[in-house]
Peer 1: 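Encoded as structure tokens, here's the structure I'll be asking about.
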Amino acid sequence: MRGLLVLALLLAAAACLAEGAGECGATPPDRMALRLAPCASAAQNPNAAPSSGCCSAVRAIGKQSPQCLCAVMLSNTAKSSGIKPEVAITIPKRCNLADRPVGYKCGAYTLP
């Protein structure tokens with residue numbers, strides 16, 4: 001019981017620190033990139049249709065902020081997984097996400 005209280009306090013403290021903690025809040029972009037696993041083929045092949053799971057993951061990350069989405073797509077985890085950033089940045093458009101950050105500069109790339 002005491003362990004649960006300590007865990008709850010740690011989670012509350014982390015939540016308070018999350019604001020402004022980074023592009024994706026308290027979650028590092030490299031860990032957030034794991035959520036893009038359903039996008040593996042779509043992030044390597046510009047002709048591959050993104051799955052609904054991929055589009056849901058991109059939508060969820062993009063809702064946090066364009067900075068988060070960009071950081072995730074350019075993260076070391078994404079790159080080591082074989083994701084091509086120039087292809088990955090086209091996924092929001094290929095998913096037909098109406099609220100995607102069109103024209104947002106993401107490193108050397110611009111979101112279409």
Side-chain angles (χ1 to χ4, degrees):
M1 182 73 152
R2 188 175 185 161
L4 289 175
L5 179 60
V6 170
L7 180 61
L9 288 173
L10 287 173
L11 289 173
C16 289
L17 293 174
E19 186 174 66
E23 297 93 345
C24 301
T27 306
D30 280 308
R31 189 163 17 150
M32 186 78 76
L34 298 174
R35 297 180 187 177
L36 292 180
C39 298
S41 63
Q44 295 172 358
N45 179 355
N47 298 316
S51 67
S52 61
C54 171
C55 292
S56 293
V58 169
R59 182 180 295 111
I61 294 170
K63 279 187 178 181
Q64 287 195 353
S65 72
Q67 295 89 353
C68 178
L69 185 60
C70 179
V72 168
M73 290 184 178
L74 298 179
S75 69
N76 290 331
T77 298
K79 289 176 189 172
S80 67
S81 299
I83 289 176
K84 298 176 182 175
E86 66 275 12
V87 176
I89 63 162
T90 67
I91 292 175
K93 182 177 182 177
R94 289 189 284 152
C95 287
N96 295 316
L97 300 181
D99 57 351
R100 69 184 189 274
V102 176
Y104 182 81
K105 292 287 187 189
C106 185
Y109 311 99
T110 303
L111 276 91

Peer 1: Give the minimum heavy-atom separation between R94 and N47, together with the two atoms involved.
Peer 2: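 Heavy-atom minimum between the residues: NH1-N, 4.4 Å.
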Peer 1: Taking all atoms of both residues into account, what is the closest heavy-atom pair of V58 and C39, and its distance?
Peer 2: CG2-SG, 3.9 Å
Peer 1: Could you pull out the closest heavy-atom pair between Q44 and S81, with the gap in Å?
Peer 2: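 For Q44 and S81, the tightest heavy-atom pair comes out as NE2-O, 3.4 Å.
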Peer 1: Would you name the heavy atoms of Q67 and E23 that are closest together and state the gap between them?
Peer 2: O-CB, 3.8 Å
Peer 1: Is T77 reaching over with its side chain to a backbone N or O of D30, donor-acceptor style, under 3.5 angstrom?
Peer 2: yes
Peer 1: Side chains of M73 and P85: does their closest heavy-atom pair fall under 4.5 Å?
Peer 2: no
Peer 1: Which residues pass the side chain to side chain donor-acceptor pair (under 3.5 Å) test with N45, sequence neighbours left out?
Peer 2: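 Residues passing side chain to side chain donor-acceptor pair (under 3.5 Å) with N45: none at all.
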Peer 1: Can you measure from CG (L36) to CD1 (I61) and round to the nearest 0.5 angstrom?
Peer 2: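 It is 4.0 Å, given to the nearest 0.5 Å.
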Peer 1: Tell me the closest heavy-atom pair linking P29 and V72, and the distance in Å.
Peer 2: O-CG2, 3.9 Å
Peer 1: Of all the heavy-atom pairs spanning L74 and K79, show the shortest one and how long it is.
Peer 2: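 Residues L74 and K79, closest heavy atoms: O-CE, 3.2 Å.
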Peer 1: Within the structure provided, determine whether M32 and C68 are in side-chain contact (heavy-atom separation under 4.5 Å).
Peer 2: yes
Peer 1: What's the separation between atom SG in C70 and atom CD1 in I89, rounded to the nearest 0.5 Å?
Peer 2: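 Reported value, rounded in 0.5 Å steps: 8.5 Å.
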Peer 1: Going by atom type alone, with no hydrogens or angles, which donor-acceptor pairs under 3.5 Å involve a side-chain atom of residues 105-112 and a protein atom two or more places apart or on another chain?
Peer 2:
from	atom 1	to	atom 2	distance (Å)
K105	NZ	T110	OG1	3.0

Peer 1: Could you tell me whether a side-chain N or O of S56 sits under 3.5 Å from a main-chain N or O of G53, the two making a donor and an acceptor?
Peer 2: no
Peer 1: Would you say that C95 contacts I91 through its side chain, given a criterion of any heavy-atom pair below 4.5 Å between the two side chains?
Peer 2: yes
Peer 1: So do the side chains of L69 and P92 get within less than 4.5 Å of each other, counting heavy atoms only?
Peer 2: yes
Peer 1: Pairing donors with acceptors under 3.5 angstrom, does anything connect the side chains of T27 and R31?
Peer 2: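 No, because no side-chain N or O of T27 sits under 3.5 Å from a partner of the opposite role on R31.
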Peer 1: Given side chains that start at C-beta, do those of V102 and R100 come closer than 4.5 Å, heavy atoms only?
Peer 2: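 A side-chain contact exists here, since the closest heavy-atom pair is under 4.5 Å.
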